[in-house]
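Each remark here refers to the structure printed beneath this line.
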2 protein chains.
Amino acid sequence: MSMEATSPRRTRIQQEKREVILEAALEVFSANGFRGSTIDQIADAAGMSKPNLLYYFRRKEDIHETLMQRLLDTWLAPLRELDDIGDPMTELRSYIRRKLEMARDFPRESRLFANEILQGAPRIISMIEGELKSLVDEKAEIMNGWMRAGKIARTDPYHLIFSIWATTQHYADFDVQVRAVLGPDRGGEGRFEDAARFLEQLFVEGLRPKG
Amino acid sequence: MSMEATSPRRTRIQQEKREVILEAALEVFSANGFRGSTIDQIADAAGMSKPNLLYYFRRKEDIHETLMQRLLDTWLAPLRELDDIGDPMTELRSYIRRKLEMARDFPRESRLFANEILQGAPRIISMIEGELKSLVDEKAEIMNGWMRAGKIARTDPYHLIFSIWATTQHYADFDVQVRAVLGPDRGGEGRFEDAARFLEQLFVEGLRPKG
DNA sequence: CAAATTTTTGACCGGTTGGACAAACGTTAG
DNA sequence: CTAACGTTTGTCCAACCGGTCAAAAATTTG
């Protein structure tokens, strides 16, 4: 008599297999997009049959939805850590570094997110307008404080956040292009070190408060 | 007896209809991606039947390929215009402005390109490794000259170009997110003006040569 | 005009895809 | 052991999708 409306209450096997499926789905979705991926591909990658996979997730969309919900949490974690306790410029440099590390260590998550936004964010628009916007509003207010205190240059905190997102995620989402342009010699793992150095210089100098 | 191997030699109707199809395909592909788009959708948007569309483009891939070839040319035009005749900082500011204008005026083209790169650029990897890389190499060398002459700060010209691409294209590719975060008041057309002001400040201050 | 050529369409086809289903298999508790 | 429950799979289906084809309609050419 297990009603799953209130709490899922899942078996040990169900928990494990769902994790396996989500990992496989992340791989497939991030590489091919939602419509470009098939349940068979995900089932293959998860090492099980298609009907078996559909026993754990009733519909293809359910997998994607679960993935996106978890994604936003981990994806916004770096921004959540930014607060006005420490030195402003140090806080910003840490944020940029953490965001770049996420692009390096979790490129599939970044591409999954980019794919969704590119398609108009049909499945997560409410999360964007709600949770994400609130967080950005909150952090933008902190930055406004830093500007009033003369700790960083006066500028638009929203576009500052956008530019940090854009420049860091670029190394995950446009990885193919980055590696192709840098060539075999400079396109190796060291490219993230180079990017970190460049971005630190750009933002630190770009936000240095006017004397 | 028209062999189209050497030169296409197309009818007036063929030229016109092919343009209509490409315009419709740009709309559909940029919104849904290649695999997410159907020939029927494109035919509908072009105001003709599917077999009729297939009379002008034999395969779905042919439409996409034609679109991508044209795209790269117009997309790289702003970078092509950058040269070392004028003042370095003025050149860079113009480049950023032009690139941002492209994101504003041709968002579909930007999203089509982003979609392709996200999927690993399967259909245009050769153009990226060839034409695009050559152009970037050439312009990076110009920037190196500016740095040696002390006109702009010493930094990595490749990552500088990446950061300009990333920040400007962000306003086309992540448009939904940008508008949602800025909200109804600040998310209107004025967001491009705000972005232009912010980016100008960031890059001009960030690249100011050390005295 | 009439013949030749180009354009358009309805009908159709084979392959793929998301998903349903019942039956088989495995596991656990009494 | 056996009944109950959880897991797995083979089979099937309807919808969709890219593409073909023959024939009709429109246009161009002589």
Side-chain angles (χ1 to χ4, degrees), chain A residues 1-5 7-29 31-68 115 119 122-123, chain B residues 1-5 7-29 31-68 115 119 122-123:
Chain A
M1 198 80 32
S2 62
M3 294 300 298
E4 73 132 330
S7 74
R9 194 178 314 186
R10 301 211 164 86
T11 317
R12 176 185 54 85
I13 293 185
Q14 277 173 353
Q15 285 178 8
E16 290 172 2
K17 290 294 175 72
R18 282 173 66 97
E19 289 307 315
V20 172
I21 292 170
L22 289 172
E23 159 65 24
L26 173 60
E27 185 75 24
V28 175
F29 280 146
N32 308 107
F34 180 76
R35 295 211 47 187
S37 306
T38 70
I39 301 185
D40 272 307
Q41 286 176 330
I42 302 173
D44 267 7
M48 63 181 72
S49 64
K50 180 169 68 171
N52 197 186
L53 182 148
L54 286 168
Y55 169 71
Y56 294 104
F57 289 91
R58 275 233 192 28
R59 293 175 308 153
K60 185 184 173 186
E61 275 214 336
D62 292 348
I63 311 176
H64 192 261
E65 193 184 317
T66 306
L67 224 38
M68 294 303 298
N115 244 311
Q119 311 296 325
R123 294 167 239 274
Chain B
M1 201 76 39
S2 63
M3 293 300 298
E4 71 133 329
S7 74
R9 195 177 313 189
R10 302 213 164 87
T11 317
R12 174 186 54 86
I13 293 185
Q14 278 172 352
Q15 285 178 8
E16 291 172 1
K17 290 294 174 74
R18 282 174 64 98
E19 290 306 316
V20 172
I21 292 169
L22 289 173
E23 159 66 24
L26 174 60
E27 185 74 24
V28 176
F29 280 146
N32 309 107
F34 181 76
R35 297 210 45 186
S37 305
T38 70
I39 300 184
D40 273 307
Q41 285 177 329
I42 301 173
D44 267 8
M48 63 181 71
S49 65
K50 179 169 68 171
N52 197 187
L53 181 147
L54 286 168
Y55 169 72
Y56 294 104
F57 290 90
R58 272 223 188 42
R59 295 175 307 153
K60 184 184 173 186
E61 277 214 340
D62 292 347
I63 311 176
H64 193 261
E65 193 186 318
T66 306
L67 225 38
M68 294 304 298
N115 246 309
Q119 312 297 324
R123 295 168 240 276

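Labels below follow one simple rule: chain letters A, B, ... track the order of the sequence lines, proteins then strands, and each chain is numbered from 1. Side chains included, hydrogens not; waters and symmetry mates left out as well; all remaining heavy atoms used.
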To the closest 0.5 Å, what do you measure between [atom1] ([X]) and [atom2] ([Y])?
X     : Y     : atom1 : atom2 : result
B:H64 : B:L26 : NE2   : CG    : 10.0 Å
B:I21 : B:K17 : CD1   : NZ    : 8.0 Å
A:R58 : A:I63 : CZ    : CD1   : 13.0 Å

Rounded to the nearest Å, what distance is computed from the [atom1] atom of residue [X] to the [atom2] atom of nucleotide [N]?
X     : N      : atom1 : atom2 : value
B:F57 : D:dG18 : CZ    : P     : 16 Å
B:N32 : D:dC16 : CG    : C1'   : 15 Å
A:D40 : D:dG10 : CG    : C1'   : 13 Å
A:K50 : D:dT11 : NZ    : C1'   : 11 Å
B:Q15 : C:dT6  : CD    : P     : 15 Å
A:R18 : D:dT7  : CZ    : C1'   : 15 Å
A:I39 : C:dA20 : CD1   : C1'   : 12 Å
B:M48 : C:dG10 : CE    : C1'   : 17 Å

Minimum-distance nucleotide to [X] side chain [options: [options]]:
X     : options                : value
B:Q14 : C:dG18, C:dT7, D:dT8   : C:dT7
B:P51 : C:dT17, D:dG19, C:dA11 : C:dA11
B:L54 : D:dT7, C:dG18, D:dT20  : D:dT20

Scanning both residues in full, the closest heavy-atom pair of A:A24 with A:I42 reads CB-O, 3.7 Å
Closest non-hydrogen atom pair between B:V20 and B:A46, with its separation: CG1-O, 3.6 Å
Quick one: is [N] close enough that its OP1 or OP2 comes under 4.0 Å of any side-chain N or O from [X]?
X     : N     : answer
B:K17 : C:dT8 : yes
A:Y55 : D:dT9 : no
B:N52 : C:dT7 : no
B:S49 : C:dT9 : yes

Could one point to a donor on the side chain of A:K60 or the base of C:dG19 with an acceptor on the other under 3.5 Å away? no
